[in-house]
Amino acid sequence: MTRQSPHYWLIKSEPFKYGWDDLVAEGEGTWDGVRNYQARNNLAAMAVGDEAFFYHSREGLEIVGICTISVAGITDPTDETGKWAAVKVKPREKFAHPVTLAAIKAEPRLAEMQLIRQSRLSVSGVTAQEWQVICEMAQD
DNA sequence: GCCAACGTTGGC
DNA sequence: GCCAACGTTGGC
């Protein structure tokens, strides 16, 4: 399936379990273990070349960098039933200045982010405008 | 470590 | 098919 423009996402991970540094060390990581239908739908909608913010949950509470979807539409290798989706991601860019959850909440243009509205969703969508705003914040 | 939010499960 | 009980996530 081809699309005209890349889509943007935000993926969460607990840094003590699998953080940005782990992804960099591996070079490519498989995003699996998702057992939430909405998150799965987001995973299934990803395409190669899409970009995703990498967010540290529970500890850090900030977006630390950007990764790209390197392989899309695969079946979760940790799931025997074969009904859960997964993708592979590669690190692209580490933010000079991580964008914290507090900073996101303080920015009116980001008030409608899926990250804010559904705080428990581990894979969420990001609009092109939200993507732009956060990239600007990461450079300040 | 606590607890609110929310998704899932299971009895009826 | 409703809804109470339970489990999990994730901010604080």
Side-chain angles (χ1 to χ4, degrees):
Chain A
M1 194 198 289
T2 55
R3 273 198 309 242
Q4 294 174 340
S5 58
H7 283 213
Y8 301 109
W9 311 96
L10 182 144
I11 58 179
K12 289 184 188 176
S13 188
E14 299 167 344
F16 48 86
K17 206 167 145 196
Y18 191 89
W20 174 265
D21 292 339
D22 297 309
L23 179 62
V24 170
E26 277 196 324
E28 182 177 51
T30 302
W31 220 257
D32 55 23
V34 171
R35 294 294 181 269
N36 170 286
Y37 284 101
Q38 225 179 327
R40 185 199 63 171
N41 290 343
N42 283 336
L43 279 178
M46 289 180 180
V48 173
D50 282 1
E51 297 184 289
F53 289 132
F54 192 108
Y55 176 82
H56 280 170
S57 65
R58 306 209 53 165
E59 276 183 19
L61 308 186
E62 58 192 12
I63 298 171
V64 292
I66 296 172
C67 49
T68 56
I69 310 305
S70 53
V71 181
I74 57 178
T75 303
D76 189 333
T78 68
D79 165 40
E80 297 103 31
T81 68
K83 65 176 183 173
W84 295 102
V87 297
K88 289 190 180 185
V89 299
K90 286 183 176 176
R92 200 196 96 187
E93 175 193 343
K94 185 177 185 176
F95 282 164
H97 301 278
V99 179
T100 65
L101 181 63
I104 291 169
K105 284 184 172 174
E107 170 54 62
R109 288 175 294 172
L110 301 177
E112 293 301 310
M113 276 190 81
Q114 199 172 18
L115 170 73
I116 303 299
R117 295 204 318 261
Q118 291 173 257
S119 62
R120 291 181 53 209
L121 196 57
S122 57
V123 182
S124 62
V126 177
T127 69
Q129 198 216 355
E130 290 162 351
W131 185 270
Q132 182 71 29
V133 170
I134 288 170
C135 287
E136 285 171 12
M137 290 165 75
Q139 285 161 14
D140 288 340

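None of the values given here were measured: they were computed from a predicted structure. The chains referred to below are lettered A, B, ... by the order of the sequence lines, with proteins before strands, and numbering in each begins at 1.
You'll find that the side chain of Arg58(A) is closest to dG10(C), out of dC6(B), dG10(C), dG7(B).
Separating the CZ atom of Arg117(A) from the C1' atom of dG10(C) is a distance of 18 Å, rounded to the nearest angstrom. The CG atom of Leu10(A) sits 11 Å away from the P atom of dG10(C) (whole-angstrom rounding). Look at CH2 on Trp84(A): it is 10 Å from C1' on dT8(B), rounded to the nearest Å. Distance CG (Leu61(A)) to P (dG11(C)): 5 Å, rounded to an integer number of Å. Atom CZ of Arg120(A) is separated from atom P of dC6(B) by 8 Å (rounded to the nearest Å). Across the protein-nucleic acid pair, Glu62(A) atom CD and dG10(C) atom P stand 16 Å apart, rounded to whole Å. Between the CD atom of Glu59(A) and the C1' atom of dC12(C) there is a distance of 13 Å, given to the nearest Å. The separation between Asn36(A) atom CG and dG7(C) atom P is 18 Å, rounded to whole Å.
Of all heavy-atom pairs between Glu59(A) and Pro15(A), the closest is O-CG, 3.2 Å.
A distance of 6.0 Å or more separates the ring centres of Trp20(A) and Phe95(A). Outside the 6.0 Å centre-distance limit, the rings of Tyr55(A) and Trp9(A) are not counted as a close aromatic pair.
Distances shown here put a side-chain N or O of Tyr55(A) below 4.0 Å from the OP1 or OP2 atom of dG11(C). Proximity of Lys12(A) to the phosphate of dT8(C): no side-chain N or O atom is located under 4.0 Å from OP1 or OP2.
Using a 4.5 Å heavy-atom threshold, the side chains of Pro98(A) and Ile63(A) count as separate.
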